Amino acid sequence: MCKLRVALQKNGRLSQKSIELLQECGIRFPNGSGKLLTESSNFPLQILFLRDDDIPQYVEQRVADIGIIGENVLMERPKNIITVKKLGFSSCRMSLAVPKETEYEGPDFFRNKRIATSYPSILSDYFRQNGIEATIEFISGSVEIATGIGLADAVFDIVSSGSTLLSNGLKEVEKVMDSEAVLIASSGLDAERKALLDKLLLRIQAVQKAAAHKYILLNAPDAKLKSIQQLLPGMKSPTVLPLAEKGWSSLHSVIPEDDFWNVIDALKNAGAEGILVVPIEKMIL
Ligand code: PRT
Ligand code: ZN
């Protein structure tokens with residue numbers, strides 16, 4: 001039987017969440033053995049642990065069929081691969097930053113300046129699109145110290161909380177792109193591997209949907225059922241069960257996490273009582 005081979009980051013900001021995602025999909029595999037290649041015991045999946053920068057190339061060359069990387073890495077070295085799904089973790093942005101005392105009035109500031117980065121390709125695209133001529137200094141790490149040591153006038157780097165910039169006397173002035181972890185796939189998967197990828201995708205979607213929703217149970221007087229039901233569309237429509245106490249019912253439904261507090265407030269105002277909210281493990285529509 002054929003197996004799907006996924007490439008994950010071995011050690012770093014993507015590793016833990018990538019492993020957790022597969023585990024939440026019910027895929028069991030030995031983890032932490034320090035091996036380069038391991039295999040699931042209950043899904044036809046092999047897992048290859050690599051440096052994140054190498055993953056696009058391995059997927060393009062079919063050493064791995066699929067992989068998980070940050071969009072920033074994919075954008076920097078575009079390959080003949082497909083972005084299958086955004087995964088919603090390891091979110092960050094790629095921004096230009098200048099010394100904090102700089103009077104910054106807009107991207108024209110960068111004209112004829114030196115900018116240090118590990119992402120020259122994304123930056124030169126940005127400058128080209130904005131008609132800016134500038135010198136890009138490539139450095140492979142510790143970009144944030146480049147202005148302090150006189151190597152550059154500005155930096156272009158990954159920003160998450162912003163505290164690295166701050167502690168190096170820099171301020172973020174232009175966001176060039178947002179990035180998050182993405183599932184990528186080789187463009188030449190055969191039918192069998194494509195079917196395995198679809199199976200995996202169904203599970204990932206169920207996990208993502210579940211994380212974005214809550215299961216809600218509440219009691220309501222029958223007289224107010226109609227108006228309460230309208231606040232709870234659920235997957236099809238809410239489940240309504242009579243309570244032992246006459247004139248009362250229990251309603252069960254699913255609500256999106258985003259709407260959560262608004263819905264709860266509206267439910268209370270409409271007469272709902274004994275509201276219970278519980279997490280959902282998987283959600284298959
Ligand atoms: O060893 P390997 O090559 O596999 O790993 P790596 O060191 O190249 O990458 P790693 O593990 O640091 O990051 C992997 C991916 O995580 C990146 O490609 C991004 O897609 C994503 N990511 C999310 C981040 C951050 N957040 C992040 N904050 N990658 C790096 N950072 C660094 C950034 O470079 C800067 O030094 O954190 C610092 C800024 O953080 P704040 O919170 O101070 O703003
Ligand atoms: Zn890397």
Side-chain angles (χ1 to χ4, degrees), residues 5-22 31-38 47-61 63-64 66-79 81-100 104 115-126 136-149 151-152 154-185 204 208:
R5 190 182 274 183
V6 61
L8 303 184
Q9 188 191 28
K10 186 170 170 52
N11 249 317
R13 288 186 164 84
L14 297 161
S15 318
Q16 191 58 29
K17 291 272 187 193
S18 304
I19 289 169
E20 276 169 21
L21 178 66
L22 293 185
N31 180 25
S33 60
K35 275 196 192 161
L36 184 69
L37 183 68
T38 180
I47 301 132
L48 194 57
F49 294 100
L50 300 169
R51 285 201 57 194
D52 67 345
D53 316 73
D54 296 335
I55 292 175
Q57 187 183 342
Y58 276 58
V59 171
E60 189 186 37
Q61 293 174 348
V63 177
I66 60 173
I68 295 179
I69 52 159
E71 281 174 297
N72 50 311
V73 170
L74 192 60
M75 281 283 286
E76 182 61 24
R77 295 178 213 88
K79 304 272 179 203
I81 46 187
I82 298 162
T83 302
V84 182
K85 191 155 192 37
K86 294 200 179 212
L87 297 173
F89 60 82
S90 301
S91 300
C92 55
R93 54 194 186 274
M94 303 230 46
S95 292
L96 281 153
V98 298
K100 65 174 185 304
Y104 180 83
I115 300 96
T117 187
S118 309
Y119 292 85
S121 169
I122 296 175
L123 185 59
S124 65
D125 280 354
Y126 171 79
I136 297 177
E137 304 282 357
F138 174 80
I139 45 176
S140 61
S142 302
V143 171
E144 64 279 359
I145 64 165
T147 58
I149 58 171
L151 176 70
V155 301
F156 175 61
D157 201 6
I158 296 172
V159 184
S160 176
S161 66
S163 62
T164 302
L165 293 182
L166 210 65
S167 59
N168 284 281
L170 295 163
K171 63 178 178 186
E172 184 179 2
V173 289
E174 296 291 336
K175 183 178 85 174
V176 172
M177 67 174 280
D178 285 307
S179 175
E180 65 184 85
V182 285
L183 181 69
I184 55 167
I204 291 176
Q208 287 184 333

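We count ligands from 1, going down the list as the structure has it; atoms in each ligand are counted the same way. Worth saying up front: this structure is predicted, and the values here are computed from it rather than measured.
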Undergrad: Give me the nearest non-hydrogen protein atom to atom 14 (C) of ligand 1 as residue plus atom name, then the distance to 0.1 Å.
TA: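 Checking every protein heavy atom, the shortest distance to atom 14 (C) of ligand 1 gives Asp52 OD2, 3.5 Å.
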Undergrad: Hey, is the main chain of Asn72 close enough, under 3.5 Å, to the side chain of Ser179 for a donor-acceptor pair?
TA: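 Yes.
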Undergrad: Quick one: does Gly70 get an N or O within less than 3.5 Å of an N or O on ligand 1?
TA: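 Not met; the criterion fails.
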Undergrad: CG of Leu87 to CZ of Phe89: how many Å apart, nearest 0.5 Å?
TA: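 Those atoms lie 5.0 Å apart.
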Undergrad: Short list, please: which atoms of ligand 1 are under 4.0 Å from a heavy atom of Gly12?
TA: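 Listed by number with element, the hits are 11 (O).
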Undergrad: Using a 4.0 Å cut-off to any heavy atom of Gly162, which atoms of ligand 1 qualify?
TA: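 In order of numbering, the contacting atoms are 41 (P), 42 (O), 44 (O).
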Undergrad: Given Leu14, Leu8, Val159, identify the one with the heavy atom nearest to atom 15 (C) of ligand 1.
TA: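 Heavy atom nearest to atom 15 (C) of ligand 1 belongs to Leu14.
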Undergrad: For N/O/S atoms only: which one belongs to Asp52 and is nearest the Zn ion (ligand 2)?
TA: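 The nearest such atom is OD1.
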Undergrad: Can you pull out the closest protein heavy atom to atom 33 (C) of ligand 1? Residue, atom name and distance to 0.1 Å, please.
TA: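 Heavy-atom neighbour on the protein nearest atom 33 (C) of ligand 1: Ile158 O, 3.5 Å.
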Undergrad: State whether any protein heavy atom lies less than 4.0 Å from atom 20 (O) of ligand 1.
TA: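 So far as the 4.0 Å threshold goes, atom 20 (O) of ligand 1 is in reach of a protein heavy atom.
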Undergrad: Stepwise, does the side-chain contact (heavy atoms from CB on, under 4.5 Å) test hold for Asp178 with Met94?
TA: CA-CA 6 Å; Asp178 285 307; Met94 303 230 46; over 6 Å; no
Undergrad: Could you check whether Thr164 and Glu144, counting side-chain N and O atoms only, form a donor-acceptor pair closer than 3.5 Å?
TA: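 Side chains of Glu144 and Thr164: no pair found under 3.5 Å.
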Undergrad: Looking only at atom types and distance, does a side-chain atom of Glu76 sit under 3.5 Å from a main-chain N or O of Ser121, one as donor and one as acceptor?
TA: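 Looks like yes, one N/O pair under 3.5 Å.
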Undergrad: Relative to the Zn ion (ligand 2), which of the N, O or S atoms in Asp53 is the closest?
TA: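 For Asp53, the N/O/S atom sitting closest to the Zn ion (ligand 2) is OD1.
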Undergrad: Heavy atom to atom 39 (C) of ligand 1, shortest distance: which of Thr164, Asn11, Val182 holds it?
TA: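 Looking at heavy atoms only, Thr164 sits closest to atom 39 (C) of ligand 1.
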Undergrad: How many angstroms lie between atom CG of Leu170 and atom OG of Ser95, to the nearest 0.5 angstrom?
TA: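 Answer for the CG-OG pair, Leu170 versus Ser95, is 12.0 Å.
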Undergrad: Please work out, at 4.0 Å between heavy atoms, whether the side chain, the backbone, both, or neither of Cys92 comes within that distance of ligand 1.
TA: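 Side chain only.
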Undergrad: Nearest protein heavy-atom contact for atom 17 (C) of ligand 1: which residue, which atom, what distance?
TA: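 Result: Asn72 ND2, 3.7 Å.
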Undergrad: For Ser161, counting its heavy atoms only, list the atoms of ligand 1 lying under 4.0 Å from any of them.
TA: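 Under 4.0 Å from Ser161, ligand 1 has these atoms: 41 (P), 42 (O), 43 (O), 44 (O).
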Undergrad: How long is the gap from CG on Leu165 to OG1 on Thr147, to the nearest 0.5 Å?
TA: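 So the gap between those two atoms works out to 9.5 Å.
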Undergrad: Is a side-chain donor or acceptor of Arg5 paired with a backbone partner of Val63 at a separation under 3.5 angstrom?
TA: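 Yes.
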Undergrad: Which atoms from ligand 1 have a heavy atom of Val73 less than 4.0 Å away?
TA: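 Once the distances to Val73 are compared, the set is 18 (O).
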Undergrad: Atom 16 (O) of ligand 1: which of Arg13, Glu144, Gln9 has the nearest heavy atom?
TA: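 Minimum heavy-atom distance to atom 16 (O) of ligand 1 goes to Arg13.
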Undergrad: So, is Glu71 polar-close to ligand 1, with some N/O to N/O distance under 3.5 Å?
TA: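 Glu71 vs ligand 1: no N/O contact under 3.5 Å.
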Undergrad: Which residue and atom name correspond to the protein heavy atom nearest atom 1 (O) of ligand 1, and how close is it?
TA: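 In this structure, atom 1 (O) of ligand 1 has Arg51 NE, 3.6 Å as its nearest protein heavy atom.
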Undergrad: Atom 28 (N) of ligand 1: which protein heavy atom is closest, and how many Å away?
TA: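 Minimum-distance protein heavy atom for atom 28 (N) of ligand 1 reads Ser160 CB, 3.3 Å.
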Undergrad: Would you say Arg93's side chain and Ser160's backbone share a donor-acceptor pair under 3.5 angstrom?
TA: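 Looks like yes, one N/O pair under 3.5 Å.
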Undergrad: With no hydrogens and no angle check, is any side-chain donor or acceptor of Ser90 less than 3.5 Å from a backbone partner on Glu180?
TA: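 No, the answer is negative, given that no donor and acceptor are paired below the 3.5 Å cut-off.
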Undergrad: Give the C-alpha distance, both sets of side-chain angles, the deciding distance and a yes or no for side-chain contact (heavy atoms from CB on, under 4.5 Å) between Asp53 and Ile55.
TA: CA-CA 6 Å; Asp53 316 73; Ile55 292 175; over 6 Å; no
